[in-house]
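Chain letters run A, B, ... following the sequence lines, proteins first, then strands; residues in each count from 1.
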Amino acid sequence: MQSRLVYMDHGATTPVRKEVVDSMLPFFHDQYGNPSSLHAPGRKVRQALDEARETTARALGADPEEIYFTSGGTESNNIALRGAAKKQKGGGHIITSSIEHHAVLDVCRDLENEGFKVTYLPVDHYGCIEPEMVKEAINKDTFIISIMAANNEIGTLQPISEIALLAREHGILFHTDAVQVVGQLPVDLHSSNIDFLSLSAHKFNGPKGIGALFMRKGVEINSLYRGGSQERKLRPGTENVPGIIGLGRALELAVSDIPHKKKRLESLRDSLIAGLLQIDDVVLNGHPRQRLPGNINVSFKYIEGESVLLGLDMEGIAASSGSACSSGSLEPSHVLSATGLDHSIAHGSVRFSLGWGNCKEDVDFVLQKAPLIVERLRNISPTYHSR
Amino acid sequence: MQSRLVYMDHGATTPVRKEVVDSMLPFFHDQYGNPSSLHAPGRKVRQALDEARETTARALGADPEEIYFTSGGTESNNIALRGAAKKQKGGGHIITSSIEHHAVLDVCRDLENEGFKVTYLPVDHYGCIEPEMVKEAINKDTFIISIMAANNEIGTLQPISEIALLAREHGILFHTDAVQVVGQLPVDLHSSNIDFLSLSAHKFNGPKGIGALFMRKGVEINSLYRGGSQERKLRPGTENVPGIIGLGRALELAVSDIPHKKKRLESLRDSLIAGLLQIDDVVLNGHPRQRLPGNINVSFKYIEGESVLLGLDMEGIAASSGSACSSGSLEPSHVLSATGLDHSIAHGSVRFSLGWGNCKEDVDFVLQKAPLIVERLRNISPTYHSR
Amino acid sequence: MYNEKVIDHFNHPRNVGELSDADGIGETGSFKCGDTMKLYIKVKDDRIEDVSFQTYGCGAAIASSSMLTEMVKGKKLDEAMQITNQDVADQLGGLPPLKLHCSNLAADALHNAIEDYRRKHDQV
Amino acid sequence: MYNEKVIDHFNHPRNVGELSDADGIGETGSFKCGDTMKLYIKVKDDRIEDVSFQTYGCGAAIASSSMLTEMVKGKKLDEAMQITNQDVADQLGGLPPLKLHCSNLAADALHNAIEDYRRKHDQV
Ligand SMILES: Cc1ncc(COP(=O)(O)O)c(C=O)c1O
Ligand SMILES: Cc1ncc(COP(=O)(O)O)c(C=O)c1O
């Protein structure tokens, strides 16, 4: 690995904080009991699990019984959407957006194969969803609306409260994929109309492979997996104890850091954006203000995103791209396409996502290297020369 | 917790070995990249993941492309059975046994609701399944047979090779829940006719919340969850990297220990069984020889299992029971019932499951304490006095 | 899971055994989970002078039985008839929700024993 | 992901730019992933005397372009026509499977350039 690493891919995953690892360690070879066991080693672990559930609930303004631990954001989304669909038996109508993560979008596509109807709402140039359009899309068969709290690529924040209220007024369930938001911005579920919220620990300096689904008290869905009676049968299987402990601790730390961290990241974000826009022919993707504190997404015209990533990588800068070549999917990001961005510009997109540990020097380093990389690549590019 | 802990509940879960925890540690806050990322920190983790997949495959006599990491045994079972069913579209016939773990049994019950037909094969007094009965149960609609490799309660080993061969000859898929077997007894998948095999790391001194599904090359099923393209889309979601690394390491260690450990546990097992049978009115559940190396399951007549557990717990002995009161389900174990055991005797069942770390002193300690506990409880018991 | 008081009653159950000269015997069982309890009382001047029990069941069932015998000793029969299963659980300082049904034997056995006494002594 | 040779060609691409006096120009693009390549050749005595490229694309596309120019310099046109995209990938020591399609530009652009040259010089 590079001697100096400037990690700006916190939207993909984050390092686990030292305090979090420390909280997990006792649960590997010391307190290893199965929380379902009646004996002392089991009971002790059950208690630690209950405490982690309380910590998690508290950090979200929820009740412990409303927290279901899962293996991550993907599973939380699948359980909420498919679980609600399974309860419908037969069919019904789902409203979602065209810029959801694949763990919502592709679930909806799969449900279409099973006979459900789905409306994929368009977004504006900034990636924003208009609540009025949600309202218009509602019909008598609509049973769930799923709109992400913030987009993972372009960072755009959605008017979740308004949409959740709309859903509530129409007696429709509301799910939000808040994987990018939890730990970054305050969440208070009890004062909201959200019925389901998905989160994933590795996005807020917790461990990979553990997440949670908030499901409001009184809401009922059908579980997908069957097995033991863990997580009140919504998600059976021996609990990932160290993961759950780590999630609770990481969330507690992340949420208490928000007031301070949010400001710091926003300021770093804005100077990185400003610096990148100094380069010729660079456009900002997403909304200039309503965006995640740590999200920067720009398109470098005339060059391709993966090659920029590679150039950055050579300098020890870790970022990501919505280009086709970086996803292996041949298609440029569905998110950038949905914002109406020209394919050729979408291919040149690069996301820098800031987090815990990034500092002004990191931003300066990127701003020193990026122009050189861009220049070098443009120099090779035929489209640049014939522009 | 008790000063002296005699942990004999390895069937429920096991401590993570020191070497395994050590192998996981670098992947929390040092090598934390997302394996799907293109940059150096991501690529480094991808490589470690590939190596863990190879280690896992090697330990099972499989190819790396045949290993799919999941969140545990429950998920592996659900993916195999429901995934095969989903591919059928509509209906079909499944053969399983009446003593499967709930993560197979309750999936089958759920599939019955969805229109599938299921045969639950009976077992004999020892909990053995007769291959001839499997053969008789096969009909033209049978698309999958799922028979566990060893039962988690009574430890009975099943004639998996014969049943797998039968399935192969009839062009039917064969799944085995080998959660209790992997790491305890040798498994060589390439020389077998097994199409799917489920395992869970925390049963062989690996971490909780991680497992794997072996799926033979060429077999195709429909994935249940949708999201990213991890685990070749069979199980999307950011990989539980430390968990996968830990699983690989734990399996490697467990499998290399088998020759030595199997003999040691069998000898401890047999002396514990012999000692317990010295107590009046004690019966052995399961098969006297065809059983898991570390499994002991006895019924103490005239007393109830949970009270025995509690008595053992007071002495620092951790065990488990198939009694209704210990599961909170009101029903005694479906496994013991299926072997034809009288309910009142089933209620008095206690499982001791040995593992890494248990020694002769532990067995002696149990054999010293158990008779006193049993006597005390029988003394209170009305059924004992009126026998 | 179980609190200290429950554990204490489980480990050192009070008033265990048969009363050979019992005036009333009450039996009850939970068909579902298999628990069975037998309660013996000796009555003098309409009061429970002595009491003992035998129980087949889990920790909660045994502790509830023991607790009950302590609660009723010296009580007037009419007072004893008022005791509910919930009272027994409360007196134990609570039981895990899943275990509540296991404590439902004790008061029932007591009421049966009192009724048995009254039947035998023409009080019914 | 990429091996050292690919990285080297990406970091130090050979023969970049336009040949102002090119005898043949070949262009090709992948509609799907958006990659585009432009190849310039100078031909003398039926041999590729000089070659240069411009590429819009990912690391694999750029490295393949650069590799190709090294492979064809000095080659006879007929020999150059035999070079396949696979040859280029092989010469680079292999590319990640998902990236193979990105290397599919280089040989195509070469063939187009040679055809362009032949068309202009009445060799077709
Ligand atoms: C035979 C068997 N199958 C499946 C499982 C489920 O495994 P897990 O709890 O890790 O999901 C277990 C253990 O609980 C088991 O013993
Ligand atoms: C918005 C969003 N939803 C869902 C996910 C999936 O989370 P995980 O990979 O932890 O399952 C991610 C991250 O990959 C995400 O950014």
Side-chain angles (χ1 to χ4, degrees), chain A residues 1-2 5 7 9 12-18 21 25 28-29 32-34 36-42 44 71-75 77-78 101-103 106-107 109-110 200 202 207-210 224-229 236-243 306 309-310 312-313 318-320 326, chain B residues 1-2 5 7 9 12-18 21 25 28-29 32-34 36-42 44 71-75 77-78 101-103 106-107 109-110 200 202 207-210 224-228 236-243 306 309-310 312-313 316 318-320 326:
Chain A
M1 220 176 272
Q2 212 64 25
L5 171 65
Y7 186 77
D9 201 11
T13 195
T14 60
V16 186
R17 284 172 71 158
K18 183 90 180 51
V21 181
L25 283 180
F28 288 111
H29 51 68
Y32 57 80
N34 189 319
S36 301
S37 297
L38 291 178
H39 46 61
K44 193 155 179 185
S71 65
T74 298
E75 183 166 42
N77 287 344
N78 274 272
H101 189 271
H102 285 289
D106 294 0
V107 173
R109 294 216 178 99
D110 201 38
S200 192
H202 71 100
K208 295 179 177 61
I210 187 79
L224 308 177
Y225 289 169
R226 296 292 152 95
S229 47
T238 302
E239 295 89 343
N240 177 350
V241 177
E306 199 245 280
L309 288 197
L310 200 55
L312 292 167
D313 187 46
S320 72
S326 64
Chain B
M1 218 175 274
Q2 213 66 23
L5 171 66
Y7 187 77
D9 201 10
T13 195
T14 60
V16 186
R17 282 173 72 158
K18 181 91 180 51
V21 180
L25 284 181
F28 288 112
H29 51 67
Y32 57 81
N34 189 318
S36 301
S37 297
L38 291 178
H39 46 63
K44 194 155 179 185
S71 66
T74 299
E75 183 167 42
N77 287 343
N78 274 271
H101 189 270
H102 284 289
D106 294 0
V107 173
R109 295 215 177 101
D110 200 38
S200 192
H202 71 100
K208 296 179 176 64
I210 188 79
L224 307 177
Y225 289 169
R226 296 292 153 95
T238 301
E239 296 89 343
N240 178 351
V241 176
E306 198 246 280
L309 288 197
L310 200 56
L312 291 166
D313 187 47
S320 72
S326 64

When [options] are compared by non-hydrogen pairs under 4.5 Å with chain B, the top option:
| options | answer |
| --- | --- |
| A:Lys18, A:His101, A:Glu75, A:Glu239 | A:Glu75 |
| A:Gly33, A:Ser200, A:Pro242, A:Gly72 | A:Gly33 |
| A:Ile210, A:Asn240, A:Asn77 | A:Asn240 |
| A:Pro207, A:Ala318, A:Gly73 | A:Ala318 |

What part of B:Leu25 gets within 4.5 angstrom of chain A, counting heavy atoms only: side chain, backbone, both, or neither? side chain
Verdict with supporting geometry, A:Val241 and B:Thr13, side chain to side chain contact (heavy atoms under 4.5 Å, CB included): CA-CA 11 Å; A:Val241 177; B:Thr13 195; over 6 Å; no
To check you understand the geometry: which heavy-atom pair defines the closest contact between [X] and [Y], and what is its length?
| X | Y | answer |
| --- | --- | --- |
| A:Lys208 | B:Tyr32 | NZ-O, 2.6 Å |
| A:Leu224 | B:Tyr225 | CD1-CE2, 3.7 Å |
| A:Thr74 | B:Pro236 | CG2-O, 3.6 Å |
| A:Asp9 | B:Ser37 | OD2-OG, 3.3 Å |
| A:Pro41 | B:Leu5 | CG-CD1, 3.6 Å |
| B:His29 | A:Val16 | CB-O, 2.9 Å |

Contact between A:Tyr7 and B:His39 at the side-chain level, heavy atoms closer than 4.5 Å - yes or no? yes
Below 4.5 Å from any heavy atom of chain B, which atoms of A:Val21 appear? Answer side chain, backbone, both or neither. side chain
Examine whether an atom of A:Thr14 lies under 4.5 Å from a heavy atom of chain B, and if so say whether it belongs to the side chain, the backbone or both; otherwise answer neither.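 The backbone, not the side chain.
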Does B:Asp106 reach the main-chain N or O of A:Arg226 with its side chain, forming a donor-acceptor pair under 3.5 Å? no
Between B:Pro15, B:Gly227, B:Gly228, the one whose heavy-atom pairs under 4.5 Å with chain A are most numerous: B:Pro15
